[in-house]
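For ligands, and for the atoms within them, numbers begin at 1 and follow the listed sequence.
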Amino acid sequence: MIPFNRPYMTGKELYYITQAHANGHLSGDGPFTKKCHTWLEERTGAARAMLTHSCTAALEMAFILAEINPGDEVILPSFTFVSTANALVLRGGVPVFVDIRPDTLNLDETQIEAAITPRTKAICPVHYAGVACNMGAIRALAERYDLFVIEDAAQGILSDYHGQPLGTLGHLGCLSFHETKNITSGEGGALLINDGRLTQRAEIIREKGTNRNSFFRGEVDKYTWIDIGSSFLPSELIAAFLWAQMEEADAITARRLAIWQVYHDAFAAIEAEGLVRRPVIPDGLRHNAHMYYLLLPDLAARTAFIAALKAAGIHTVFHYVPLHSAPAGQRYGRARGDLPVTCNISDRLVRLPLWLGVEEYQEGIIETVIAHVRGS
Ligand SMILES: *Cc1c(COP(=O)(O)O)cnc(C)c1O
């Protein structure tokens, strides 16, 4: 079976973990964590970067920093991973789900304004497949209504919006290094802080609500509990693993882009024949080939597609169950309208294997896909 995903290893992960072990600093914020922070700050231009256990953890920090109180509303897509909404619900916030654009499958910026109420506190755009949302329009709305912007850039490492890295377009940006993402530490993430006024509180929240970081810098003579928080920082062993991946992040992205382009070129003909729709990358956006997906005509066609590929030894997957239709989404959130695009897309989307090493199987995958959709 050709797997849907296979995490890539650079070969240096265990070497760096051995170094971390030899350093004797195993808890968080040691030398490898600092290397990862510096890399993220240099590559994104964020005022500060902080590693977390996951993008979920970064989102939880972000909603604390945005001072979401019970009953406050946040606008986000329903077509996303649960963490975008769950991190908010943990603060007592109410997810207000808005529909997505049919081209990029990102939050439809033209529908945000109608969802704003006096309780709206923030907008949380999700850069689906590492392709940027229309951040110009979203930031203009946020300024006009004085809203916080938290980017779910879980899929967006090394992508940009007209030259500006994803995760640096809002007040806060959240990245994921889960094993299904482009660069990985198994589980992992980072919070990018673009509004420098939030940095000090972010340090405290990440260190169990203490001013431990100020203490280590010699700014205070003891450290103590001063705010809410949790343990959001990963161990040095995780940072050492991640550092090996960061060192190769450009090469990894380049190889993923090449794989993505091979699929994209190969499927141009079946798109022209009206059998599938391919991903759309708007002009001026650099994406990171996080994902290759196809849109099939309907749910029955997608079910048959996944079964046919499985029979040919190729594992393909779909997502997301729209959050507004999920049990917790109905309990904790509300939708603005019927979200027709979200419902339609979630029935039709299928993701193809895209990982370093899939190249040797790609011709076979492409032939199987084309033969199946042409019914031959
Ligand atoms: C992967 C993902 C997350 C969660 O990331 P974790 O690091 O697994 O917590 C959140 N949002 C989106 C859009 C994702 O793709």
Report task. Report yes if the distance between the aromatic ring centroids of Y128 and H319 is under 6.0 Å, otherwise no. Result -> yes

Query raised in the report: With a cut-off of 4.0 Å, which atoms of ligand 1 are near a heavy atom of G188?
Result: 7 (O)

Report task. For ligand 1, note which part of V126 has a heavy atom under 4.0 Å away: side chain, backbone, both or neither. Result -> side chain

Report task. Tell me whether the centres of the aromatic rings in H53 and F232 are closer together than 6.0 Å. Result -> no

Report summary line: Q155 heavy atoms within 4.0 Å reach ligand 1 at atoms 13 (C), 14 (C), 15 (O)

Report task. Identify, by atom number and element, the atoms of ligand 1 in contact range of T56, meaning under 4.0 Å from any of its heavy atoms. Result -> 4 (C), 6 (P), 9 (O)

Query - Check: W260 ring centre within less than 6.0 Å of H290 ring centre - result: no

Query raised in the report: Does any N/O atom on T80 come nearer than 3.5 Å to any N/O atom on ligand 1?
Result: no

Query raised in the report: So between Y320, F79, F81, whose heavy atom ends up nearest atom 4 (C) of ligand 1?
Result: F81

Query raised in the report: How far is atom 11 (N) of ligand 1 from its nearest protein heavy atom, and which residue and atom is that?
Result: D152 OD2, 2.8 Å

**Report entry** S78 side chain to L323 backbone, donor-acceptor under 3.5 Å
**Finding:** yes

Requested in this report: Would you please indicate yes or no on a ring centroid separation below 6.0 angstrom for F32 and Y16?
Outcome: yes

Requested in this report: Run the numbers for me: atoms of ligand 1, each under 4.0 Å from some heavy atom of C55, listed by number.
Outcome: 4 (C), 5 (O), 6 (P), 7 (O), 9 (O)

Query raised in the report: Parallel, tilted or perpendicular for Y320 and F79, by the 30°/60° rule?
Result: perpendicular

Requested in this report: Would you tell me whether N344 and R348 have side-chain atoms, one donor and one acceptor, within less than 3.5 Å of each other?
Outcome: yes

Query raised in the report: Looking only at heavy atoms, is any part of A154 under 4.0 Å from ligand 1, and if so is it the side chain, the backbone, or both, or is it neither?
Result: side chain

Report task. For residues D152 and C55, report the shortest heavy-atom separation together with the two atoms involved. Result -> OD1-SG, 4.1 Å

Report summary line: When distances are taken from atom 7 (O) of ligand 1, the protein heavy atom at minimum range is S176 OG, 2.7 Å

**Report entry** Nearest non-hydrogen protein atom, atom 1 (C) of ligand 1
**Finding:** K181 NZ, 1.7 Å

